Amino acid sequence: MTTAAALQAASAPASDYERYERALAGVEAPFALVDLNAFWSNGDDMLRRAAGKPIRVASKSLRCRPLLEQILARDPGFRGLLTYTLPETLWLAENGSEDLVVAYPTVDRTALAELARITDERPEQAPVVMVDCLEHLQLIEAARGGNGAPVRVCLELDVGYWPAGGRLKIGPKRSPIRTPEQAVALARAIEKRPAVKLVGIMAYEGHIAGLGDRPPGKRIQARVIERLQRRSAAEIRERRAAVVAAVSEIVELEFVNGGGTGSLHTTSTEPAVTELAAGSGFYAPTLFDAYSAFKLRPATMFALPVVRKPSPAIATALGGGYLASGPAEASRLPSPYLPAGLRLDRFEGAGEVQTPLLGAAARGLEVGDRVYFRHAKAGELCERFGSLYLVEGDRIADQVPTYRGDGKAFL
């Protein structure tokens with residue numbers, strides 16, 4: 001068994017398999033579930049690490065409108081949504097969601113025209129769109145047309161780490177805006193345009209929030225990651241404050257957003273940041289198993305039926321090729337979770353139509369049994385299932401539609 005598989009097996013209570021089987025005995029696999037006790041426990045952990053700063057919930061990481069609504073209603077520490085496409089945002093707004101910020105720029109002219117219409121109706125409450133260049137402003141101006149209320153925009157700041165004198169970039173390749181001078185130049189350009197209004201700054205430190213500092217079996221890499229993240233966090237703290245101070249000389253900002261599930265405990269200490277962002281932590285996919293500063297409980301998984309036994313030592317499940325986005329490597333594969341003691345076949349991995357499973361537990365599985373898997377990332381799993389079964393203890397508390405179940409596929 002690999003180190004990662006051994007760690008996961010150790011963290012999987014044997015009783016959970018029997019509990020899920022009792023709760024979902026009448027449901028035909030494949031299906032996806034959310035363990036509500038773990039889900040809310042993870043939410044409480046995020047609130048604790050946020051240390052009183054509000055968390056804007058990342059819709060991309062959940063892709064389930066009923067769960068988004070339940071989160072926002074549960075605790076005032078969760079405030080507003082950080083969405084991922086403008087059409088998704090408009091749909092959420094139509095269904096009653098408020099305080100919406102689109103985390104990524106858009107070039108959807110039809111959606112921008114609709115946003116302009118909504119902004120005319122609710123100038124101070126309309127969704128906010130992300131910008132990081134003049135071209136984004138020009139697209140909004142073209143969609144905005146003639147007179148009307150200015151579209152509310154947020155400036156995205158790059159907070160990647162640039163060691164070696166700037167010759168190396170560590171972190172997501174997002175905004176070209178990095179320095180206070182660049183941010184001020186774009187802020188001034190926004191101020192000159194009546195079609196747009198700057199209301200916020202967002203900066204996502206993905207190389208900290210989305211990269212665990214304890215990759216299983218990689219001690220040297222772990223030390224390198226820990227050192228780089230520590231140095232980068234210190235640099236971000238200083239530069240983000242400088243950018244916010246410089247832009248605030250031009251416009252009064254409504255919010256400064258930062259962080260992610262993996263960096264709530266560090267970003268929350270920055271005085272310049274007024275709110276945080278997180279969402280994946282509710283589901284706790286496998287990529288969050290590799291953090292030293294916190295431990296989440298696996299809350300979301302999917303079940304596949306065993307449909308054949310090629311040999312006594314192998315159990316083959318139906319489907320399972322639900323790969324997570326990112327670099328093509330083993331960490332993006334789903335992981336067999338329950339019953340404990342299973343691993344993927346390294347020659348087949350997780351397949352489109354079948355996933356062979358090896359390990360001690362495979363011998364005990366028969367045709368018709370079920371295996372529970374964890375996805376590597378959060379919301380992408382919901383693109384595969386029309387609903388989520390919400391499990392509380394050993395019973396189904398509810399069944400709620402995902403975006404797919406609502407007939408939506410935004411990206």
Side-chain angles (χ1 to χ4, degrees), residues 1-46 48 64 67 70 214 216 280-291 294-307 309 312-320 322 333-344 350 355 357-376 378 381 385 387-400:
M1 184 181 294
T2 65
T3 303
L7 288 173
Q8 190 171 97
S11 66
S15 60
D16 280 351
Y17 182 73
E18 287 75 21
R19 180 165 64 87
Y20 293 143
E21 286 292 271
R22 287 196 301 272
L24 297 150
V27 180
E28 294 288 351
F31 59 80
L33 71 95
V34 174
D35 187 319
L36 287 178
N37 291 335
F39 184 86
W40 294 122
S41 172
N42 294 338
D44 290 342
D45 178 83
M46 289 191 286
R48 176 186 61 79
C64 174
L67 284 180
Q70 289 182 37
R214 290 294 184 272
S280 297
F282 283 100
Y283 287 171
T286 60
L287 288 179
F288 285 101
D289 291 349
Y291 281 81
F294 60 92
K295 185 173 179 60
L296 302 174
R297 294 171 57 185
T300 303
M301 56 204 76
F302 62 93
L304 301 179
V306 174
V307 292
K309 292 279 292 186
I314 302 172
T316 300
L318 180 69
Y322 310 150
L333 294 173
S335 300
Y337 180 57
L338 295 170
L342 295 171
R343 68 179 187 274
L344 299 177
T355 298
L357 298 167
L358 311 177
R363 288 186 174 275
L365 290 172
E366 302 293 340
V367 171
D369 289 342
R370 299 189 298 201
V371 175
Y372 294 80
F373 293 74
R374 293 176 62 203
H375 201 250
L381 175 64
F385 294 92
S387 68
L388 297 170
Y389 287 92
L390 308 186
V391 175
E392 198 166 43
D394 59 359
R395 69 181 185 90
I396 297 173
D398 203 354
Q399 180 183 5
V400 294

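The model shown is predicted, which means the values in this text are computed figures rather than measured ones.
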* Quick one: salt bridge (charged side-chain N to carboxylate O under 4.0 Å, His left out) partners of R297, sequence neighbours excluded? ->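 Testing R297 for salt bridge (charged side-chain N to carboxylate O under 4.0 Å, His left out), a comparison that skips the adjacent residues, returns none.
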* **T355 (side chain) donor-acceptor with G319 (main chain) under 3.5 angstrom** =>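 Yes.
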* Is the backbone N or O of F282 less than 3.5 Å from a side-chain atom of N42, with the two atoms forming a donor-acceptor pair by type? ->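 Between the backbone of F282 and the side chain of N42 there is a qualifying donor-acceptor contact (under 3.5 Å).
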* **Verdict with supporting geometry, V306 and E366, side chain to side chain contact (heavy atoms under 4.5 Å, CB included)** => CA-CA 7 Å; V306 174; E366 302 293 340; over 6 Å; no
Closest approach of [X] to [Y] (non-hydrogen atoms, all atoms of both residues):
X: A376; Y: T286; answer: CA-OG1, 3.2 Å
X: A397; Y: L36; answer: CB-CD1, 4.0 Å
X: P339; Y: L365; answer: CG-CD2, 4.1 Å
X: P334; Y: A350; answer: CG-CB, 3.7 Å
X: G320; Y: L304; answer: CA-CD1, 3.5 Å

Nearest 0.5 angstrom please: [X] [atom1] to [Y] [atom2], how far?
X: R19; Y: D394; atom1: CZ; atom2: CG; value: 7.5 Å
X: L342; Y: S335; atom1: CG; atom2: OG; value: 11.0 Å
X: L357; Y: T316; atom1: CG; atom2: OG1; value: 7.0 Å
X: Y20; Y: D35; atom1: OH; atom2: CG; value: 3.5 Å
X: L381; Y: R374; atom1: CG; atom2: CZ; value: 12.0 Å

* Asked: Would F385 and Y322 count as a close aromatic pair, with their ring centres under 6.0 Å?
  ->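 Between Y322 and F385, which both carry aromatic rings, the centre distance is below 6.0 Å.
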* Walk me through it: do M301 and D16 pass the test side chain to side chain contact (heavy atoms under 4.5 Å, CB included)? => CA-CA 12 Å; M301 56 204 76; D16 280 351; over 6 Å; no
* Asked: Given F39 and Y283, is the side chain to side chain contact (heavy atoms under 4.5 Å, CB included) satisfied, shown in steps?
  -> CA-CA 6 Å; F39 184 86; Y283 287 171; 3.7 Å; yes
Residues 22-33 side chain polar contacts: donor-acceptor under 3.5 Å, at least two apart:
none

* Mark yes when over 12 heavy atoms from residues, nucleotides or ligands other than R214 sit less than 6.0 Å from its CZ; otherwise mark no. =>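 Buried by this count: over 12 neighbours within 6.0 Å.
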